[in-house]
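Here the structure is laid out as structure tokens; the discussion comes afterwards.
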Amino acid sequence: ELIATGKAHSMNLGVTTNATQCDNEWLELLGSFKAVTVALSVDGYRDINSYIRFGADWDAIEANIDRYKGLPNAYVYCHMTVQAYNMMHIIPLVEFCEAKWIGIRLYQLDDPRMLSILTMPRPARELASAKISRYLFRNSGVAYTAIQAGKRLMTKISRYFFRKSTARFRASQAAKELMAIRDALN
């Protein structure tokens, strides 16, 4: 009805999709709006996403991402929910987004608790933090979206660790490095 009455041309629209399907009719509808924000809900790059979202075909997802990017009125970004299954594999998705020139936003899963990053052993959480830190240092002058995503994620990770065991976390070398990196990026 919005399209038929011509009102869509003056409206902004936001959609969230797992990008597994995208046909011409859908793209035509989206093209009728003034601006469209397309949040691509993916949980990792290639096999990681297919594992978490069983049956998802990454090649189809990537082709559909390109189709969304082809809309002249669209802002496209990936939305990754960081959890126990993908915490160690954030960087490949960030690099994919950089290569595609799309944004990325990282969110921390809290529920169900069994998938929370808190279920990971402390050494695993520290290793994931170190991977993020190395990536941010290596690419500090290169990728704005990755740096912003990394800053937000590191802040969330540090808050999470503080909630669990402030004294132990503050004393750990990984925590000191994490905080130094976060502060340097701010």
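We number each residue from 1, following the sequence as shown.
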According to a 4.5 Å side-chain heavy-atom criterion applied to Ile, Leu, Val, Met, Phe, Trp and Tyr, with indirect links allowed, do [X] and [Y] form part of one hydrophobic cluster?
X      : Y      : answer
Tyr75  : Leu13  : no
Ile52  : Leu40  : no
Ile104 : Ile117 : yes
Val15  : Ile65  : yes
Ile48  : Leu106 : no

Indicate yes or no: at least one non-hydrogen side-chain atom of [X] is less than 4.5 angstrom from one of [Y].
X      : Y     : answer
Lys131 : Ile90 : no
Met11  : Lys34 : no
Ile61  : Thr20 : yes
Thr119 : Gln83 : no
Tyr68  : Thr17 : yes
Val36  : Val38 : yes
Leu71  : Leu27 : yes
Tyr107 : His79 : yes

**Message:** If we count only N and O atoms by modelled type, under 3.5 Å, do the side chains of Arg53 and Ser41 hold a donor and an acceptor together?
**Reply:** yes
**Request:** Specify the closest pair of heavy atoms between Ser32 and His9, including all atoms of both residues, with the distance to one decimal.
**Result:** O-ND1, 3.2 Å
**Fill in**
Nearest heavy-atom contact between Cys78 and Ile102 is SG-CD1, 3.9 Å
**Asked** Does Glu1 pair with Lys7 as a salt bridge, N-O distance under 4.0 Å?
**Response** no
**Request:** Check step by step if side chain to side chain contact (heavy atoms under 4.5 Å, CB included) holds for Asp47 and His89.
**Result:** CA-CA 10 Å; Asp47 293 341; His89 307 283; over 6 Å; no
**Request:** Verify the neighbour count for atom OH of Tyr85: are there more than 12 heavy atoms of other residues, nucleotides or ligands below 6.0 Å?
**Result:** no
**Prompt:** In terms of the angle between their ring planes, are Tyr45 and Phe96 parallel, tilted or perpendicular, with boundaries placed at 30° and 60°?
**Reply:** tilted
**Message:** Using a 3.5 Å distance criterion without hydrogens, assess whether the side chain of Asp111 forms a donor-acceptor pair with backbone atoms of Ser116.
**Reply:** no
**Asked** Would Thr81 and Asp43 satisfy side chain to side chain contact (heavy atoms under 4.5 Å, CB included), going step by step from the backbone distance to the final call?
**Response** CA-CA 6 Å; Thr81 301; Asp43 289 323; 3.9 Å; yes
